[in-house]
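Here's the structure, in structure tokens; my notes come after.
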Amino acid sequence: MMAAQPTASPGARLGWKGPGAPASPPRPALSRSAAAALASHRVSRGKFSAAAITTDDYLPMRSTEVKNRTSVDGIKSLRLITAIKTPYLPDGRFDLEAYDSLINTQINGGAEGVIVGGTTGEGHLMSWDEHIMLIGHTVNCFGTNIKVIGNTGSNSTREAIHASEQGFAVGMHAALHVNPYYGKTSTAGLISHFDEVLPMGPTIIYNVPARTGQDIPPAVIEALSAHPNMAGVKECVGHERVKCYTDKGITIWSGNDDEFHDSRWKYGATGVISVASNLVPGLMRSLMFEGENAALNEKLLPLMKWLFCEPNPIGLNTALAQLGVVRPVFRRPYAPLSLQRRAEFVRIVEAIGRENFVGQKEVQVLDDDDFVLISRY
């Protein structure tokens, strides 16, 4: 039988000098010049060199290539951002073919950015695996033609950090972060929460107290506004709050479709993060870029009011199904609008002009039995 071959102990491999560690063989002497060169590049074990760690550079899970292509100024300049819908197959999984068609329509219609997995995209009904996959898919397929802003916010700071790390790792251009909902916190807690996620990359803070149960007061936004990754705020409180920020040079996107025109042209908002642009991206772009147009805004108000007659995204899901651009599949707890509301949508489309809406099929009133409601997926 062959004798067992001697192996180095773990302590020897790690340079352990405790009792029983074998003696290291003598090292050949280095020349004075070689020793000096080695010393200039040596980093002590278990520590980073001071030059290796900076707040801008040491970001977990983010490659240099990803960091170099995400510009805060590039996000601040966006005027029309669509909170994109997530369509489903009859078994409740993502319908990526329909999703890709929706994104292409937004690009062709003039949208400059999309929010992936936001309220409209039903990120709250996704697992984090689904959520990050959809962000990565959007970046991979469309990231050179449109800015991809991933909703990686959470009421848990831990989850918000982890999701943002993953979102930036798959290439999103910016993150959208809501304030902690349900488990409300203090002003100091709000600032601390956002301070943890801002270092990861360009960030839009989303203030929607009707959903979170807590307003983000101006004092918090002003305290955060000096951070180099703070791109701006999606603000849903109203015109006066918008003006409060724009007077201070803070970038603002209106979060209310029925107010965005005046927020843009009368109160200084940069643009809008819109639900309605899922349906009429070209008209929304006109309102954002072509100057004040009260007549066109007035023409679109019935559509905007209809979209929010029930909590978003119920109206949008119903509308896109009636336009034939997504399957009429709802993940519960959402259910379609009533038959009366569905008939009203057809009249709104006819008044605005079918040619201004997404899709090629004739708009129709769907029956109750046409909808599929999924609770397990």
Lys/Arg-Asp/Glu bridge criterion (N-O < 4.0 Å) met for Arg331, Glu130 =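 Here Arg331 pairs with Glu130 in a salt bridge, since their nearest N and O are under 4.0 Å apart.
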ask   = Hey, are Asp95 and Lys85 close enough for a salt bridge, meaning a charged N less than 4.0 Å from a carboxylate O?
value =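 No.
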inquiry  = We want to know whether Glu159 and Trp128 form a side-chain donor-acceptor pair, criterion being a heavy-atom distance below 3.5 angstrom.
reply    =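 Judged by distance alone, the side chains do pair up.
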Under 3.5 Å side-chain donor-acceptor pair for Thr203 and His227 =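 There is no such pair (donor and acceptor under 3.5 Å, judged by atom type) between the side chains of Thr203 and His227.
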Test your reading of the model: is there a side-chain donor-acceptor pair from [X] to the backbone of [Y], 3.5 Å cut-off?
X	Y	answer
Glu165	Met200	no
Ser164	Val197	no
Arg354	Phe357	yes
Gln214	Thr185	yes
Asp370	Asp367	yes
Asn151	Gly117	yes
Ser101	Ala98	no
Gln322	Arg342	yes
Asn140	Gly136	no

ask   = Below 4.5 Å, heavy atoms only, C-beta onward: do Arg211 and Cys236 meet side chain to side chain?
value =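 No, every pair of side-chain atoms sits at 4.5 Å or beyond.
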ask   = Are any of the side-chain heavy atoms of Leu287 and Val272 separated by less than 4.5 Å?
value =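 In short, these two side chains do not touch, never coming nearer than 4.5 Å.
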inquiry  = So, taking the atom named CG in Asn293 and the one named OG in Ser286, what distance separates them when rounded to the nearest 0.5 Å?
reply    =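 Reported to 0.5 Å precision, the distance equals 8.0 Å.
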request  = Before giving the answer on side chain to side chain contact (heavy atoms under 4.5 Å, CB included), spell out for Glu292 and Asn297 the whole-Å C-alpha distance, their side-chain angles and the decisive distance to 0.1 Å.
outcome  = CA-CA 9 Å; Glu292 191 170 353; Asn297 184 58; over 6 Å; no
Is it true that [X] and [Y] fall in one hydrophobic cluster, defined by side-chain heavy atoms closer than 4.5 Å?
X	Y	value
Val178	Ile135	no
Phe142	Ile149	no
Leu296	Trp265	no
Ile84	Val275	yes

inquiry  = With a sphere of 6.0 Å drawn around CG of Asp369, does it hold more than 12 non-hydrogen atoms of other residues, nucleotides or ligands?
reply    =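 For Asp369, atom CG is not crowded (no more than 12 foreign heavy atoms under 6.0 Å).
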message = If you count every heavy atom of other residues, nucleotides or ligands that lies below 6.0 Å from Arg93 atom CZ, does the total exceed 12?
response =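 Count not over threshold, so no.
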query = Any idea which heavy atoms bring Leu125 and Tyr377 closest together, and the distance?
reply =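 Where Leu125 meets Tyr377 most closely, the heavy atoms are O-OH, 3.0 Å.
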request  = Mind listing the closest non-hydrogen atom pair of Ile273 and Ala83 along with its distance?
outcome  =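 Answer, listing the atom of Ile273 first, then Ala83: CG2-CB, 4.4 Å.
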Is NZ or CZ of [X] both nearer than 6.0 Å to the six-membered ring centre of [Y] and within 45° of the ring axis?
X	Y	value
Arg79	Phe289	yes
Arg264	Phe260	no
Lys243	Tyr267	no

query = side chain to side chain contact (heavy atoms under 4.5 Å, CB included) with Tyr88: which of Phe330, Phe94, Tyr99?
reply =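 Answer after filtering Phe330, Phe94, Tyr99: Phe94.
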request  = For a side chain to side chain contact (heavy atoms under 4.5 Å, CB included) with Leu279, tell me which candidate from Ile352, Thr82, Val325, Leu323 qualifies.
outcome  =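 Looking at Ile352, Thr82, Val325, Leu323, the match for Leu279 under the side chain to side chain contact (heavy atoms under 4.5 Å, CB included) is Leu323.
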